[in-house]
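Remember, it's 1-based here, ligands and their atoms both numbered in the order they're listed.
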Amino acid sequence: MAKLFIFLSAFLGILTTLISAQSSPFEMVTLVKIGYATAELAEHYHRLDVTYKTINATAIKAAVLVPKKLAASNKKTDAPVVVHFHGGGLIIGTNLEPVFIADWVTQLPVSTNSILVSPLYRLLPEANAPETLSDISSFWSWLHTSLPSVITSAYPKINTNLNQIVTVGESAGGYLAVQSALLFQEKAKIKAVIAQYPAIWPDLAAWGSLPLPDPTNEAVIKAGKVIDEYLGNLTGTEIRIDAPYPDRWELTEAALLSGRSFEFWGDETDIAQSGLGYALNVSRQWGDKLPGFWVLQGENDGMVAQAGTEEFLARLKGVHPGVEVKYTLRPGLHGFDALYGLDKPFIAEGVRWVKGFWLRGKN
Ligand SMILES: *[C@@H]1O[C@H](CO)[C@@H](O)[C@H](O)[C@H]1NC(C)=O
Ligand SMILES: *[C@@H]1O[C@H](CO)[C@@H](O)[C@H](O)[C@H]1NC(C)=O
Ligand SMILES: *[C@@H]1O[C@H](CO)[C@@H](O)[C@H](O)[C@H]1NC(C)=O
């Protein structure tokens, strides 16, 4: 009950702000869970933070979480791997961002005795999107070369099973999970992708169907000023890898309200290289080595449109007619699944489907 109340107040709060700002609100439901997810993760996991890449003296780390009950076991165990990418429009958030990560995602590694890994990555607008993707690429190299020794040096009885990798992410994290499979599958060796409302590719035709922000609207003008001031302050050498909510929420909101998000992705070439068309072209060489994809979408999502997610699925199937996809469309807003556990029937069904690829070697 308390949880529902917090959830509703947070949701209504943000909705009110956005509705009063503009007639086409960007809705989301997950500004709720900060205490809950933080407590759950602390209660059920041991955590290490390990540097996977260093750029100009900035260490970029991945959180490595081992379920306490797995760590306490006396038996030699082969542990599967769950790789999580946090959302936040590539602009905000931290790894395992408690405001965004779904409850069932925090439960999945415990229920399967798996290792949970969640990297930080360079955020926009200090970085451009190809730089963010290059961190994701480095992360996959690190995971395959270094994660097993990181685990065995702390937990000698646990063997990291790199043949059993699932990747999951919400929103921008879903985009990074899908991009991982399309761009980096040769080294990432992903068995299944779980993508929650991932369709933020700049080259989706669905963006064209959204109403353009009214340039005379006061809130849109203000949003433009926030962006101009933020960009004007940058010298070009800053690196940001961490912006836990509510840090930079104003900037994110401004990017959404003004319709200027893709300015943050870089120049025309950067944007093209971060698009779906480019990733699908790269993915042609993986042929039948692609993982299975479970894609979730809320019908009332005002941030990532249903049409965008369905366009992604159609284009994926266009290039890979044999690809295995499970699509779960449910009533609800951005983050509609965030408060559900693994016991929610449609989640249980999706997880069962994913296990066929992830743990039982289908594909
Ligand atoms: C690293 O620092 C140098 C010198 O300030 C700068 O030219 C370069 O762009 C920086 N690299 C990144 C990736 O930020
Ligand atoms: C830009 O820099 C000025 C001066 O340091 C500071 O007062 C302002 O808050 C900064 N604006 C943003 C959007 O970061
Ligand atoms: C993808 O490949 C096709 C065929 O080679 C090419 O025409 C198209 O420009 C490529 N798209 C991108 C975004 O690279």
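Distance alone, capped at 3.5 Å, is enough to place a donor-acceptor pair between the K69 side chain and the V110 backbone. For the pair D203 (side chain) and L276 (backbone), a donor-acceptor distance under 3.5 Å is present. At least one donor-acceptor pair under 3.5 Å links the side chain of T77 to the backbone N or O of K75. Between the side chain of T94 and the backbone N or O of D242, no donor-acceptor pair lies under 3.5 Å.
Side-chain contact check for V178 versus L316: every heavy-atom pair is 4.5 Å or farther apart.
Ligand 2 has an N or O atom lying under 3.5 Å from an N or O atom of E229, backbone or side chain. Where the criterion is an N or O separation shorter than 3.5 Å, residue side chain and backbone included, N281 meets it with respect to ligand 3.
Atom 13 (C) of ligand 3 has as its closest protein heavy atom Y278 N, 3.5 Å. Among all protein heavy atoms, the one lying closest to atom 2 (O) of ligand 1 is N56 ND2, 2.1 Å.
Interface of I55 with ligand 1, defined as ligand atoms under 4.0 Å from a residue heavy atom, comprises 13 (C). Which parts of ligand 3 touch G277 is read off a 4.0 Å heavy-atom cut-off, strictly below it: atoms 13 (C). Interface of R122 with ligand 1, defined as ligand atoms under 4.0 Å from a residue heavy atom, comprises 13 (C). Counting atoms of ligand 2 from 1 in the listed order, those under 4.0 Å from a heavy atom of N233 are 1 (C), 2 (O), 3 (C), 8 (C), 10 (C), 11 (N), 12 (C), 14 (O).
For atom 5 (O) of ligand 2, the nearest protein heavy atom lies 4.0 Å away or farther. Less than 4.0 angstrom separates atom 9 (O) of ligand 1 from none of the non-hydrogen atoms of the protein.
Salt bridge present: D135 and R122 bring a charged side-chain N and a carboxylate O closer than 4.0 Å. A salt bridge between R315 and E311 is present, with a side-chain N of the basic residue lying under 4.0 Å from a carboxylate O of the acidic one.
If you look at H86 and F100, their ring centroids are not closer than 6.0 Å.
The residue E238 has no part lying near ligand 1, judged by heavy-atom distances below 4.0 Å.
Within the 4.0 Å heavy-atom cutoff, E126 does not count among the residues contacting ligand 1.
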